[in-house]
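One structure is given below, encoded as structure tokens.
A, B, ... follow the sequence lines: proteins, then strands. Residue 1 opens every chain.
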There are 2 protein chains.
Amino acid sequence: MKTFIREKRNEKNMTQEELSKVLKVSRQTIISLEKGKYKPSLILAHKLAQLFDCSIEDLFIFEGDENLE
Amino acid sequence: MKTFIREKRNEKNMTQEELSKVLKVSRQTIISLEKGKYKPSLILAHKLAQLFDCSIEDLFIFEGDENLE
DNA sequence: GCTTTACGTAAAGTTAACTTTACTATAAAA
DNA sequence: TTTTATAGTAAAGTTAACTTTACGTAAAGC
């Protein structure tokens with residue numbers, strides 16, 4: 001799965017820390033998501049998409065047949 | 001969060017067991033999602049939306065300010 | 001009656017999403 | 001040169017998504 005979190009964040013000129021505060025998650029969570037260390041929960045994915053004014057499917061690119069976890 | 005999993009499944013005339021097999025999850029997972037016992041992972045939400053030919057946002061209705069978990 | 005089908009509950013286990021804290025690196029700015 | 005801002009790693013803990021197994025129930029068909 002690919003994500004455009006970093007690109008969208010940069011477009012908004014936000015730091016990881018600012019983003020984490022808006023979303024009410026830890027800065028570690030943002031770092032890990034941007035680096036692809038794990039996948040966001042559905043709720044967090046939704047909040048990110050809302051903030052970046054796009055759909056979840058626009059923010060995350062799902063590549064065929066991924067495992068659930 | 002609300003979900004239309006059950007409605008979409010019925011539209012397709014699928015049983016919970018059939019759906020679970022297509023998605024490669026347990027039947028328990030389908031039951032629990034339909035009953036709102038917990039929220040699907042992003043990947044599972046995506047697979048459900050794909051199967052039902054709709055977007056994640058169409059399949060799940062997010063209500064203001066939900067907690068992450 | 002008995003069997004099958006579909007849906008449901010309960011409980012115990014695994015794993016990964018997320019937190020918290022502490023520490024490192026680097027570039028810019030004072 | 002020292003400080004500040006931003007991004008990063010590491011490690012240990014909590015919680016919830018998901019699994020597995022076993023059992024319960026009600027309707028439909030034989």
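Residue Leu59(A) holds its CG atom at 9.5 Å from CD of Glu7(A), rounded to the nearest 0.5 Å.
Of the residues in residues 9-21 of chain A, Arg9(A), Thr15(A), Gln16(A) come within less than 4.0 Å of DNA chain D through at least one heavy atom, sorted by number. Within residues 29-38 of chain A, the residues approaching DNA chain D are Ile31(A), Lys35(A), by heavy-atom distance under 4.0 Å.
Side-chain N/O atoms of Ser41(B) include none lying less than 4.0 angstrom from OP1 or OP2 on dA16(C). Within the structure, a side-chain polar atom (N or O) of Arg6(B) is placed less than 4.0 Å from OP1 or OP2 of dG8(C).
Rounded to whole Å, atom P of dA17(D) lies 12 Å from atom CZ of Phe60(B). Here the C1' atom of nucleotide dG8(D) and the CZ atom of Arg27(A) are 8 Å apart, to the nearest Å. If you measure from atom NZ of Lys39(B) to atom P of dA17(C), you get 16 Å, rounded to the nearest angstrom. At whole-Å resolution of the value, CG in Leu44(A) and C1' in dT15(D) are 15 Å apart.
Counting all heavy atoms, side chain and backbone alike, Asp58(B) lies closest to Phe4(B) at O-CD1, 3.5 Å. The nearest pair of heavy atoms linking Gln16(A) to Ile30(A) is O-CG1, 4.0 Å.
Listed nucleotides: dT19(C), dT21(D), dC18(C). Nearest to the side chain of Gln28(B): dT21(D). Distance from the side chain of Ser26(B) is smallest for dT19(D) among the nucleotides dA17(D), dA22(C), dT19(D).
Ile31(A) is not connected to Phe60(A) by any chain of hydrophobic side-chain contacts under 4.5 Å among Ile, Leu, Val, Met, Phe, Trp and Tyr, and they are in different clusters.
With respect to Arg9(A) and Glu34(A), a salt bridge is recorded, a charged nitrogen being found less than 4.0 Å from a carboxylate O.
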For the pair Arg27(A) and Leu19(A), evaluate side-chain contact (heavy atoms from CB on, under 4.5 Å) and give the outcome as yes or no after the intermediate values.
CA-CA 8 Å; Arg27(A) 189 170 60 92; Leu19(A) 181 56; over 6 Å; no
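A donor-acceptor pair shorter than 3.5 Å cannot be found between the side chains of Ser32(B) and Thr29(B).
The closest side-chain heavy-atom distance from Glu57(B) to Glu57(A) is below 4.5 Å. In this structure, the side chains of Leu33(A) and Arg6(A) stay at 4.5 Å or more apart for every pair of heavy atoms.
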